[in-house]
Every structure is written in C-alpha cells, then in structure tokens.
Amino acid sequence: MRKIVKVILGFVAIAGIAGIAYVLLHNANMPVLNPQGEIADKQRQLIIFTVTLGMFVIIPVFVMLFTFAWKYREGNTKQKYTPNDGSNKLIEGLWWGIPILIIGVLSFVTWQSSHDLDPYKKLSSSVKPVKVQVVALQWRWLFIYPDEGIATINELRMPEKTPVNFELTADAPMNGFWIPSLGSQVYAMSGMTSQLSLMADSTGEYAGSSSNISGKGYAGMNFKAISMSSGDYNAWVKKTAETGKDLDWSKYSGEIAKPTENSPVSYYVVRDNDLFRKVIMKYMSEGESHTHEDMEDSAHSHSETEMH
Amino acid sequence: MFGKLGLDALPHDPITIGGVVGGTIALIGIAVAMTYFKKWKWLWQNWITSLDPKKIGIMYIIVAAVMLLRGLADAAMLRAQQAVFATGDGGPISPDLFQQVFSAHGTIMIFFVAMGVIFGLINLIVPLQIGSRDVAFPFLNSVSLWLFVAGMVLINVALGIGEFSAAGWLAYPPLSELQYSPGTGVDYWIWSLQIAGVGSLLSGVNFIATILKMRRKGMTLMKMPIFTWSVLCAMVLVVFAFPILTATLGMLSLDRTLGMHFFTSDMGGNPMMYINLIWAWGHPEVYILILPAFGIFSEIVPVFSRKRLFGYVSMVWALIAITVLSFTVWLHHFFTMGSGAKVNAFFGIMTMVIAIPTGVKVFNWIFTMFRGRVKFATPMLWFMGFVVTFTIGGLTGVLMAVPGIDFQVHNSLFLVAHFHNMIIGGVLFGVFAGFTYWFPKFTGFRLNERLGKYAFWLWLVGFLLAFMPLYALGFMGAVRRLDHYDPSMGWQGLFIVAGVGVLVILLGVGMQILQLIVSIVQRKKNMVTGDPWDGRTLEWSTPTPIPEYNYARLDTVTERDEFWEQKQAGTKDRRNVKYEDIDIPKNSGYGPFIAAAAFIVGFGVIWHIWWLALVGLVAVIVLIIMRTLKEDTETTLSAKTIASQEAKLWSKTI
Amino acid sequence: MSEKVNELKLKLLEDKTTSGFWLYVMTDCILFASLFATYVVLHGNIAGGPSGSDIFQLPIVLTETFILLTSSFACGIALLAMKQGKTKQMLGWLATTYLLGVAFLTIELTEFSGLIGEGHGWQQSAFLSAFFTLVGTHGAHIFVGLLWLLTLGLVFFKRGMSEKLKRQFILFGLFWHFLDVIWIFIFTVVYLMGVA
C-alpha cells in the first residue's frame with residue numbers, strides 16, 4: 001500500500017512541476033521567457049520548441065522507470081521473470097532511432113537558428129539603426145554614441161522598434177554584456193571588438209548586467225536599458241549633447257578607466273571621435289590590428305539588407 | 001630569502017581565521033591521538049607506503065570525503081550570502097572572499113572530491129573485476145595517490161598562508177593574469193592542479209595498461225564487466241585530455257612567473273587561446289567523471305534486478321561513442337565568444353549528438369529492470385534518483401547546446417543548475433550508490449539500510465530544492481557568481497529556497513556520517529560473506545577481507561558475468577586446489593617523498609622562494625633516480641603461505 | 001616457481017612496461033601538440049618586436065638538426081650492438097649519442113642566450129614566449145633524456161647487463177627517437193615556416 005502512495009506522490013510531483021512551469025512562463029519577472037525584443041522573442045520560441053522535442057524522450061523515460069520499478073519489484077511475484085534476457089534488436093533499434101530522429105530535427109533547427117541569431121548579423125529594418133560602442137570597464141559600462149557624439153555610464157537609452165548595432169570592447173578583464181529582456185549576450189574583450197544587434201519591441205525599462213566575472217566589483221556592473229519613443233529619444237540626445245560633461249581621452253584615462261565600483265549614471269559629450277579605437281589600441285602594439293571582426297570575416301556576412 | 005612570503009600572508013578575515021584554527025586544531029587532535037595510541041608506525045607501514053591498490057583506493061576516498069566537507073562548507077557560505085546578505089549592506093563575507101570561496105568550491109569539488117572518489121573506486125574495483133592481482137605499475141599508482149594528496153595539501157595551505165584564486169574554477173585570463181590578480185591566489189590554484197594533474201595522468205596510463213594487459217586469461221574485452229569498460233574509456237580521455245591541462249597551466253604559470261605573454265591582454269597575448277585550450281581539457285574532464293558513474297550503475301542495476309544487463313554490446317559502443325564525441329564539443333562552453341554561426345552550429349550539433357548514446361544507456365538500464373526482480377536496496381534508490389535528476393539535466397544540456405538559446409542562458413544560474421544537475425545527480429549519486437554497493441566487499445559488513453534510505457531522500461529533496469530554483473533564476477536574468485544583487489529583481493525568495501535545499505543536503509551528509517558510525521558500531525550484527533548481494537562479477541568471488549594478492553589462483557574465464565555463471569553451474573568447490581608462489585610489490589616510501597618534494601616545488605614557485613623550488617626539483621629528480629636504481633622491489637609469498645591464508649579466509653566466509 | 005611461469009611473468013612485464021611507455025609517449029605528444037597549437041596561433045603576434053625571419057638563423061638550426069639526427073642514429077646502432085651482445089660497441093655508440101645530445105643542447109642554449117642578450121627574451125612578445133616555451137620544452141626533454149642515459153650507464157657499470165637493463169635501454173631509444181620526431185616538427189613549423 002505504501003508503494004502506491006509513493007507512485008501517486010510521484011504523479012502529484014510531476015503535475016506540480018508542470019503547474020510551476022506554466023506560472024513561470026507567464027511571470028513578468030522572467031525576461032528570458034517574457035521577451036521584450038525581437039531577438040529574445042526568437043530565443044524563447046527556440047526554448048519552447050526544444051523542450052517540447054525533449055519531452056519525447058523525457059516522458060517515456062519517466063513513465064517506463066516508474067512503471068517497471070513498480071511492476072517488477074521483488075515482492076510482485078506474479079510478473080514474468082526473464083533473468084537472461086539481455087538483448088532485443090527491435091527495441092534497441094527504437095531507442096537508437098528515435099533520439100537520432102529528434103537530434104536530427106534539432107540539428108537542422110540549430111544550424112538555421114545559429115545563422116539567424118548570429119550576433120554579427122545586423123537586424124533588418126526600414127529604420128536607420130543606432131550605433132553604440134560599448135566599453136566594459138572595471139566595474140561599470142561606458143556607452144558611446146558615435147553618431148550623436150554623446151556617451152553615458154551605466155544607462156543605455158535607445159529608440160523603440162529601432163535596431164541598435166553594438167560594437168563591444170573592454171578596458172578590463174573579459175566581461176559579458178547581457179540584457180535578457182532584449183536578447184543575446186556577448187563577450188566584451190580587451191584589444192578587440194565583438195558585435196551584437198538588438199531591437200526593443202516597445203518602450204520600457206530593462207535590466208542589464210555583466211555575465212562574466214571581472215574582479216571584485218563585478219556584481220555591481222548593472223545598468224538600465226531604457227527604450228523610449230523616437231521623439232523622447234531624440235529629445236534626450238539633444239539634451240545630453242547640451243548638458244553632458246566633457247569626455248575626452250585624458251578624462252577617460254585619468255578618471256573613467258580607473259577601477260570604480262557602484263558608479264551612478266552619468267552623461268557625457270564626446271570630445272574625441274576616436275575614443276573607442278584608442279581604447280582598443282591600448283592593448284595593441286604599433287602596426288598591430290586585431291579585431292575579432294577581421295578574424296571572423298569569412299564566417300559570416302555583414303549584409304545589412306538580409307531579411308530576418 | 002623567503003621570496004614574497006611574509007607575515008601579511010596570514011589570513012585577515014574572521015571566517016578564514018576560524019576555518020584555519022578549526023582545521024589546525026583538528027589536525028593537532030589527530031596527531032595527539034596517533035601518538036597516544038602509538039599508531040604512527042602502523043600508519044606508515046600499513047597505509048602510507050602501501051602499494052596495494054585496495055588500500056590506495058581507500059586513501060583516495062578518505063581524502064575526497066574530507067574535501068567534500070570543505071566544498072560543502074564553501075557552498076553553504078555562498079548560499080547563505082546570496083539568500084540572506086546579498087540584498088543588504090554586505091554581511092560577513094566580503095566580495096573578495098566570496099569570489100575566493102566560489103573559486104575554491106568549484107576547484108575542490110571537481111579536482112579533489114569527484115576525481116578522488118572516482119580514482120578511489122577505480123583502484124578498489126578494477127583489478128578485482130578483471131581478475132588481476134594488482135595494477136600494471138603499482139609504484140606509479142602510489143605516486144599518483146600522493147601527488148593527489150600533495151595538491152590537496154597545497155590548496156588547503158592556501159587557506160592559512162596567502163589567499164586563494166578569485167578567478168573562478170577555471171581562472172580565465174586576463175582576470176587570472178598578474179595585471180588583475182597580482183597575489184598568490186592564482187598561483188596556488190595553478191600548482192595544486194598541476195601537481196594533482198600529473199598524478200591523474202599517470203593513473204590514466206597505469207589503468208589503460210592494467211585493463212589491456214592484465215585481464216584474466218579468457219576475459220576478452222567483450223567479456224569484461226561494464227564498469228571496467230567505462231573506466232577504460234575514462235582513462236583514454238585522461239590520457240588525451242590531461243596533457244592539455246598540463247601545458248595550459250604551465251603556460252599561465254610562465255606568464256605569471258616569468259613574464260611571458262601567452263594569454264595577457266597586451267604584447268600579443270591571446271586570452272581566447274587559453275579558453276579554447278582549457279575547455280579542450282575541461283569537456284573531456286566531465287566525461288572522465290561521468291563515465292565511471294555510468295559504469296557503476298551498469299553494475300548495480302543488473303545485480304539488484306537479478307537480471308543480466310540489457311544491451312551489453314550497445315552499452316559498450318555507447319561508451320566508445322561518448323568517449324570519441326567528447327573531444328568534438330568543447331566550444332559549447334563559450335558560444336558567446338563570437339566564433340561565428342557556422343562554428344557555433346557545428347559544435348552545438350556535436351553536443352546534441354552526444355545525447356544520443358547517453359540516452360541509449362538510460363533506456364538500457366531501465367529495460368534491465370523489465371521482467372527482472374527489482375530489490376529497492378539503497379543502491380537502487382540512488383539509481384532511481386539518478387535517472388530522474390540526470391534526465392532533467394540532460395534536457396537542459398540539450399537546450400544549451402543550441403547556440404541561440406545559450407546566448408540567453410550562458411553564465412546565468414541556469415547554467416549553474418545544469419552542471420550541478422549532472423555532477424550531483426550523475427556523478428555523486430553514482431558514487432554514493434557504488435560506495436553502498438561495494439562497502440561490504442571491503443569491510444565485511446553492510447551499511448545500515450534504513451539510515452541509507454533516509455540519506456538518499458534528504459539528498460534528493462535537498463538537491464531539487466537547492467537547484468530547481470536556479471533554473472528559474474537563470475530565466476529571470478540572474479547571472480552566476482554574484483555576491484549581491486538588487487532586491488527589486490525579485491530573486492531573493494528563490495535564493496532562500498535554494499539555501500534551504502543546501503541545509504537539507506547538509507542533513508543528508510550528516511545522515512551519511514551517522515550511517516557510517518552506526519554501521520561500524522553495529523557491524524558484528526551485520527556481518528556478510530564475500531558475496532552479500534548475490535553478485536555477478538569476479539570481485540564478489542573473493543573472500544572478505546580480501547587478501548593482499550586478491551586471487552590465489554588465476555583460473556581462466558569463459559563468460560561475461562563469470563561469477564554468476566560459476567554459481568549457476570555450481571563450480572565453487574575449494575578442496576584439493578593447487579597453489580603457487582606469488583610475487584607482490586614491497587611497500588615503498590618513495591611515493592610520499594616524491595610528492596612532498598613536488599609540494600615544495602609548488603610552494604617555492606608560488607612564493608618566489610627560488611632556492612626552495614630548486615631544492616624541491618632536484619629532490620624529485622634524485623628520488624626518481626634512486627627508485628629506478630632500486631632492485632629489490634618485490635617479495636614472494638610461498639605457496640604454503642597462500643594455502644594456509646586461503647584456508648583461514650574461506651573457513652570464516654562459508 | 002616453475003621455469004614457464006617465470007618466462008610468462010617476464011614477458012608480461014616487458015609487454016606492459018612497453019605499452020605503458022608508449023602510452024606515456026602519446027601523452028607527451030598531446031602536450032607538444034598543445035604547445036604547437038599555441039605557437040601557431042601566436043606566432044604572428046610580435047608586438048612590435050622581431051618576427052621569426054628576423055631572429056632565426058637557419059645554418060645553426062640545420063647544424064642542430066644534423067647533430068640530433070646523428071645522435072638518434074648512433075643510439076640505434078648502439079641498441080643493435082646491445083642485441084648482438086657487443087657490449088664495447090654499445091658503450092661507444094651510447095657515448096656518441098650522449099655527446100651529440102650535449103652538443104645539441106649547448107648550441108640551443110647559445111641561441112637562446114644570444115637572443116636574450118639582444119633584448120629578444122620571452123617577455124618581449126607572445127611570439128617569443130611561444131617560441132622559447134615550445135623549443136625550450138623540447139630542450140628540457142633532451143636534458144631529461146641525457147640524465148636518463150647517464151643513470152642507465154651508471155646501472156650498467158655497477159651491475160652489468162641484464163634483461164631488465166636491456167629493456168630500459170630500448171625504452172630510452174624509443175624516447176630519443178620520439179624527441180627526434182618532435183624536433184623535425186619544430187624545425188619545420190617554427191624555423192622553416194618562420195623564415196619563409
């Protein structure tokens with residue numbers, strides 16, 4: 001009798017887990033499952049697809065495990081007992097075959113999605129993209145808007161429904177740049193650039209952080225990504241260009257690049273158009289150029305007109 | 001004279017000081033007890049200098065068990081910080097200490113707990129299972145053990161003298177380079193792993209030679225027990241992967257000690273190269289841990305289902321497939337480093353492909369139960385827990401194998417949940433099952449069943465409570481290794497649940513310790529023969545306690561599951577058996593001395609005490625040469641001695 | 001113990017020692033492969049310092065190669081003599097092996113100290129770090145080999161020839177030839193391709 005109770009408890013547990021899963025998928029606090037950006041949205045679809053596919057293995061495993069454990073338990077002498085049965089080509093073929101099929105389907109989807117979600121791939125849109133150069137520092141984020149001539153610390157503002165093309169580097173150990181509501185994270189590394197393209201579906205405020213440990217103050221590397229209407233965004237850009245503090249190379253090296261924790265949000269006017277490149281060149285010797293982009297040129301296309 | 005070593009190397013914060021004081025008092029206590037009971041000579045003669053793989057195996061397990069306690073203490077500190085203090089103003093654990101704690105936690109759990117118990121079980125079981133008397137290179141085996149111990153001592157010395165690495169268990173540069181980690185922490189990490197790693201490499205060579213060359217006559221590869229197959233595959237992985245670790249740790253050390261520029265952020269160094277190399281080792285490493293655990297379950301399920309393993313041939317090919325494939329997936333650890341869509345897709349697909357043979361194994365185990373007679377003793381419970389947890393972990397693994405998905409979960413707590421799922425649910429549950437299963441073979445009494453079952457349930461519930469919330473936290477955008485976070489993120493509740501889970505796990509460990517104590521106290525009531533579970537493989541055909549030479553006679557083997565077949569055919573008559581002289585290796589102190597010299601090299605380099613490092617290096621070379629020149633390394637047991645010993649052992653057993 | 005059992009025991013001993021040694025050589029291959037891979041990735045990162053074509057002197061490298069290959073050849077002849085029981089010949093050729101090995105190391109160390117003297121030490125760039133480490137690791141293996149050969153010679157003078165010692169000389173020969181193969185890769189990948 002006690003064993004039946006355990007089996008029932010098992011099923012209750014599974015139902016409970018399914019219930020929790022449902023709640024989680026509709027929890028606004030779960031940016032990965034409640035995306036606010038095009039990239040994150042595609043990624044959520046991938047997650048749901050893969051988990052569903054996985055169920056074709058998970059469920060049979062659980063069902064068989066508990067059924068056999070119950071049915072063929074020692075005390076149950078009514079069942080057939082075949083101690084020397086060691087092989088059955090048909091059954092073995094089945095569970096080599098079905099996983100091969102599932103993984104085959106998933107591989108195809110992987111190939112496709114890997115290209116589609118390639119961080120180097122620019123999002124296509126009729127709207128002109130915003131360019132942002134990201135510098136991971138110890139222990140804050142510097143966002144430079146080269147076209148607008150402004151920069152911020154620990155706050156990333158963008159117009160909604162507009163592709164934002166990031167170029168990332170670090171003046172610090174390796175960091176990870178991540179805004180889960182909007183999509184993919186990518187490493188920011190010194191002496192080279194990496195790329196990312198994100199787009200917010202609508203207005204809102206999203207949490208961003210560093211995903212790779214970079215020293216003592218790593219946990220404090222949080223920033224806000226604020227998506228605004230284009231009117232509001234342009235107003236903000238104008239205001240910052242008028243009232244921001246001066247940012248040139250000496251201010252950068254003398255103050256901004258120095259290890260600082262828990263930095264407040266600050267706004268700057270960029271007085272040196274070459275600032276980003278200079279940060280990268282800090283780690284280069286003369287005559288050396290080492291962009292990540294150079295290395296990966298053959299691996300992906302930079303077509304701006306690619307459909308998504 | 002003493003390099004960088006000075007009084008400021010002593011710990012400053014109360015937690016570390018507490019740990020060091022506690023540990024030192026414990027060690028002093030043990031030393032006092034040893035002296036009082038006059039056990040030093042016994043320890044030296046019977047254990048430290050022993051070349052008997054059974055004893056070496058037990059020593060590995062004892063060291064690993066002690067380190068498990070330290071690793072769990074680290075884990076408890078991490079969870080306490082994240083559940084209680086992370087939303088406030090700090091708490092007793094500073095960010096710097098927190099980062100050292102998680103670096104130590106990961107390093108200790110993988111290198112000194114998991115590798116320790118695995119090598120321990122391999123030493124105990126493999127020679128017996130292949131019907132051999134010893135491993136191929138008994139002296140090398142001792143060196144491996146003591147190098148492992150030297151690495152363990154070094155990483156514990158870091159607690160009291162100097163600091164530990166704060167760069168995570170894999171110490172990525174540029175963070176682990178001198179520029180960002182100027183202290184001795186990363187050097188301690190490098191050298192304890194380098195020394196222990198050489199030990200592992202030597203064991204890899206040793207056990208491949210053992211399995212290939214020392215099987216009983218008639219035991220073809222396809223008649224070997226599956227645990228031995230899994231060990232053979234794991235050792236192939238060791239032999240191919242550990243040299244990469246040696247080279248990579250060496251290069252990082254050259255950067256830090258001699259000012260080289262392999263992985264620095266300037267002067268042409270390339271940190272991405274380190275990441276590729278370290279994971280080219282790191283991925284095979286996790287398969288080195290899991291394959292023997294698979295092997296353990298392949299032994300347990302048939303015995304406790306009283307039915308032959310389903311699909312033996314399939315299982316062997318699955319092991320081989322996993323072994324080969326594990327070298328083709330390493331890039332999945334850094335999809336976000338930007339290698340491009342095609343490269344990412346290739347490695348993602350290869351990662352998924354590994355799930356196929358793994359899944360096949362799970363099905364084969366379950367089908368072994370089909371139409372068997374399943375006894376739910378503790379080892380079988382661990383198996384059930386393993387299937388439940390490992391399958392979930394496998395699913396999340398396949399999820400992360402899709403680069404597009406990985407971009408959203410990499411380095412988040414989702415990742416942390418996945419790998420703990422695999423290592424606890426897979427490796428640790430397997431080790432616990434194996435420990436319970438083989439314990440009576442070496443001690444002559446069973447572990448208390450009731451307490452064992454309680455321990456299992458505590459571990460299972462504790463594990464689920466501690467790690468399922470982490471999957472959710474990952475989806476909530478929580479990254480790993482955070483010592484504090486904004487309370488408005490809404491994460492604290494789940495951290496508290498996880499913290500409760502760790503407490504339940506600690507209760508489970510407490511239950512296991514209690515089980516051990518109670519079983520020892522009650523052992524006279526639970527005495528068993530050499531074959532307490534009606535086993536199938538050769539190790540169960542020995543008496544308990546097992547004689548030093550394992551088998552008095554090396555009779556030819558004819559079947560898979562040879563012992564089971566012998567029992568069915570009734571061929572267990574022991575009368576009128578002929579015995580011959582047996583050579584066994586003599587004890588040797590060279591193993592511990594070489595390891596001590598290696599420790600001195602490591603300590604010397606870490607603290608830049610160059611003369612000390614040189615002394616250590618010369619000592620290692622001289623000791624090796626001296627051992628090579630030694631001639632009388634074996635002793636002979638006469639046939640008469642064997643005969644009388646066998647008579648005594650078997651009269652007790654039957 | 002019976003004669004046959006003794007024979008079988010010796011055969012097993014030889015068998016497993018040889019396979020153990022091959023396994024070790026395989027691991028050493030992987031170690032060198034890691035260093036080679038790193039060198040290939042980093043050899044262009046000269047950080048404003050010299051490149052291979054600036055510092056490699058092919059005549060010297062050719063000399064080193066000739067010396068090392070001859071040393072291996074001498075070792076082969078020595079082992080042949082050993083198998084035929086011609087002890088004096090064996091010793092002579094082993095001494096040649098040893099001396100040529102020392103000559104190789106001397107030239108290599110001279111090359112290294114020359115570079116360091118000119119300011120092109122391993123701290124100057126990733127390329128130089130990788131170069132010194134890869135070539136230096138091979139040199140360290142040569143050093144260990146020479147030490148091993150000396151030890152074996154010592155055993156021979158103290159205790160004379162035995163089956164066990166013969167086996168160990170053969171394993172040494174294996175090791176020495178292996179280091180030859182590694183050198184050929186170094187010669188090609190590092191020096192020849194570096195100068196091209």
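This is a predicted model, so every value here is computed, not measured.
- Taking CZ from A/Phe62 and CD1 from B/Ile392, the interatomic distance works out to 4.5 Å, rounded to the nearest 0.5 Å.
- When heavy atoms are compared at a cutoff of 4.5 Å, B/Phe376 approaches chain A solely by way of its side chain, counted from C-beta outward.
- Neither the backbone nor the side chain of B/Met380 comes within contact range of chain A; no heavy atoms are under 4.5 Å apart.
- Contact annotation for B/Val388: both backbone and side-chain heavy atoms come within less than 4.5 Å of a heavy atom of chain A.
- Atoms OH and CD1, on A/Tyr187 and B/Ile275 in that order, are 6.0 Å from each other to the nearest 0.5 Å.
- The contact between B/Met489 and chain A is made by backbone and side chain atoms together, counting heavy-atom distances below 4.5 Å.
- Looking at B/Phe363, the atoms closer than 4.5 Å to chain A (heavy atoms on both sides) sit in the backbone and in the side chain alike.
- Contact of B/Gln408 with chain A is made through backbone and side chain together, with heavy-atom distances under 4.5 Å.
- In this structure, A/Asn34 CG and B/Phe475 CZ are separated by 11.0 Å, a value rounded to the nearest 0.5 Å.
- Using a 4.5 Å cut-off between heavy atoms, B/Asn364 touches chain A through backbone and side chain atoms alike.
- Listed for the A/Glu74 side chain is no donor-acceptor partner under 3.5 Å among the backbone atoms of B/Arg373.
- Without hydrogens or angle criteria, B/Tyr172 side chain to A/Ile213 main chain gives no donor-acceptor distance under 3.5 Å.
- To the nearest 0.5 Å, atoms CG (B/Asn344) and CG (A/Asp118) are separated by 7.5 Å.
- Neither the backbone nor the side chain of B/Leu97 comes within contact range of chain A; no heavy atoms are under 4.5 Å apart.
- Chain A forms more heavy-atom pairs under 4.5 Å with one residue of B/Gly477, B/Pro95, B/Ser94 than with any other, namely B/Gly477.
- With a 4.5 angstrom heavy-atom cutoff, B/Tyr180 touches chain A only via side-chain atoms.
- Side-chain atoms of B/Ser412 and A/Trp178 form no donor-acceptor pair, as typed in the model, at a separation below 3.5 Å.
- For B/Val360, the parts sitting under 4.5 Å from any heavy atom of chain A are the backbone and the side chain alike.
- Of the atoms belonging to B/Ile405, heavy atoms from both backbone and side chain fall under 4.5 Å from chain A.
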